[in-house]
Amino acid sequence: MFKRFDEIAIEIPEVERPDPNAAAAVQELMGGKFGEMSTLNNYLFQSFNFRSKKKLKPFYDLVTSITAEELGHVELVAHAVNKCLCGSTKYKEPDQTPLNPLKDIRNSYFGLAGAQSALPIDSMGRPWSGEYVFNSGNLILDLLHNFFLECGARAHKMKVYEMTDHPAAREVVGYLLVRGGVHVVAYAKALEVATGVDVSKLVPIPSLSNKAFNETRKYEEKSLHTKLYTNSDGDFTAIKQIWKGTHPEDGQPLEVIEGSPKGYPIAEAPEVPEEFAPGISEEDFKAIAARLQQAANIR
């Protein structure tokens, strides 16, 4: 089961600066092979299908708790895409071609199918595929794959960061670099516990510290690169048997936090009447409100 909060993991800057091509680049972190849809669904299905989870509980707890965090990362990337797209067009009468600014951008699908919002696609508009999910049933093989997947995701985040200086995109990518780095180290430590091999000596991959990115530093200063959350009110605490010791890059002590991190309010998305979204007029809203009041016996 999952528990959801009407919050988002970080505060994303509100800027009057539409950049639909930046949004297209950020989409790689949503629906690309190494995007958040892939990390989420790899761990989700591995957790569903985990074998001998009682005997191997620390590993099961690790994959399962990270799964929950990945749901929040999908959410973050979606909001980053939406922030980059916000204000890309202005309302005009249909004959004045209000969506004309979108026809020449890299991904015109934003205007054609998504009301200028995030979709489960990559940077070229290709839909995310279940073929990206790897679940062999072999613990070591799956942990190796997850370590590789997180390193690949890290590389793509770094490249997207270098492609755009849009404040919303960079804020989200900076945070994800830090939290993705936690997952890299977590799977490295899991492999060490399972095999005795110190995989953490390989990090960081690519060999560039998170401290090289301006938007990561403030999160590392809060030691977010050393904290692993159970994302549960009482389960998955056996990750303490894996997430322990010190961080391989800076030697800071690692800490398991029971529960979920503090969230922030989700900004309301504005209407986009040229996209017929949400398509509810002031009169419609009043009629809906009246029907809701009647259903609740409010006079």
Side-chain angles (χ1 to χ4, degrees), residues 2 4 6-10 12-15 17-45 67-91 97-133 149 152-153 155-157 159-161 163-164 166-173 175-176 179-180 266-280:
F2 294 92
R4 185 167 183 175
D6 193 18
E7 297 175 341
I8 198 169
I10 61 172
I12 305 176
E14 294 281 351
V15 291
R17 183 181 156 191
D19 189 343
N21 283 328
V26 176
Q27 277 285 165
E28 189 66 27
L29 306 184
M30 172 67 81
K33 185 175 183 178
F34 293 96
E36 301 297 340
M37 290 283 293
S38 290
T39 52
L40 166 63
N41 282 286
N42 270 272
Y43 311 154
L44 186 68
F45 281 90
T67 297
E69 182 170 2
E70 294 295 350
L71 273 165
H73 291 183
V74 171
E75 180 181 44
L76 266 183
V77 173
H79 283 283
V81 169
N82 295 347
K83 295 288 188 184
C84 291
L85 288 169
C86 188
S88 295
T89 59
K90 303 296 182 186
Y91 177 73
T97 59
L99 298 183
N100 184 66
L102 297 179
K103 79 176 191 303
D104 294 324
I105 66 168
R106 184 146 56 95
N107 193 343
S108 59
Y109 207 57
F110 284 136
L112 293 170
Q116 299 177 41
S117 53
L119 293 163
I121 58 178
D122 67 10
S123 57
M124 300 304 292
R126 294 173 295 223
W128 182 83
S129 172
E131 292 180 350
Y132 299 153
V133 172
L149 179 62
H156 281 206
K157 292 180 181 82
K159 292 173 182 176
V160 171
Y161 187 100
M163 277 188 180
T164 175
H166 192 283
R170 282 203 163 180
E171 188 70 31
V172 169
V173 175
Y175 175 80
L176 292 177
R179 294 307 300 166
I266 300 174
E268 184 169 340
E271 296 181 354
V272 190
E274 63 272 29
E275 293 272 15
F276 321 109
I280 303 295

Heavy-atom distance under 4.5 Å between the side chains of [X] and [Y], does that happen here?
X	Y	result
L102	E274	no
S88	P101	no
E271	P278	yes
V15	H166	yes

[X] side, atom [atom1]; [Y] side, atom [atom2] - distance, nearest 0.5 Å:
X	Y	atom1	atom2	value
L29	K159	CG	NZ	11.5 Å
R179	H73	CZ	NE2	6.0 Å
H156	M163	NE2	CE	9.5 Å

**OP:** Under the ring-ring contact (aromatic ring centres under 6.0 Å, His included) rule, collect the residues that match up with Y175, sequence neighbours excluded.
**Re:**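 For Y175, the residues satisfying ring-ring contact (aromatic ring centres under 6.0 Å, His included) (neighbours in sequence not counted) are Y219.
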Exam field: side chain [X] to backbone [Y], donor-acceptor pair closer than 3.5 Å:
X	Y	result
T67	Y43	yes
E28	S123	yes
E70	T39	no
T89	L99	no
N42	Y132	yes

Subject >> Residues forming a side chain to side chain contact (heavy atoms under 4.5 Å, CB included) with N21, sequence neighbours excluded >> reply: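 N21 satisfies side chain to side chain contact (heavy atoms under 4.5 Å, CB included) with D19, I105, R106 once adjacent residues are dropped.
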**OP:** Decide side-chain contact (heavy atoms from CB on, under 4.5 Å) for I266 and E75; before the verdict, give the C-alpha distance in whole Å, the side-chain angles of both, and the deciding distance to 0.1 Å.
**Re:** CA-CA 10 Å; I266 300 174; E75 180 181 44; 3.7 Å; yes
Which heavy atom of [X] sits nearest to which heavy atom of [Y], and what is that distance?
X	Y	answer
L85	P18	O-CB, 4.3 Å
T164	A22	OG1-CB, 3.5 Å
I10	I8	O-CG2, 3.0 Å
E275	F110	OE2-O, 4.3 Å

Subject >> K157 with E36: basic N within carboxylate O range, under 4.0 Å >> reply: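 Answer for the salt bridge query: yes.
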**OP:** Begin with the C-alpha distance, continue with both residues' side-chain angles, and end with the deciding distance and a verdict on side-chain contact (heavy atoms from CB on, under 4.5 Å) for N107 and I121.
**Re:** CA-CA 10 Å; N107 193 343; I121 58 178; 3.3 Å; yes
Original post:
Where do D122 and W128 land on the side-chain contact (heavy atoms from CB on, under 4.5 Å) test, with the steps shown first?
Top reply: CA-CA 7 Å; D122 67 10; W128 182 83; over 6 Å; no
Side-chain donor-acceptor contacts of residues 77-84 below 3.5 Å, not counting sequence neighbours, with atom names and distances?
unit_1 : atom_1 : unit_2 : atom_2 : d
N82    : OD1    : A118   : N      : 2.8
N82    : ND2    : A78    : O      : 3.4
K83    : NZ     : E14    : OE1    : 3.2
K83    : NZ     : E14    : OE2    : 2.4

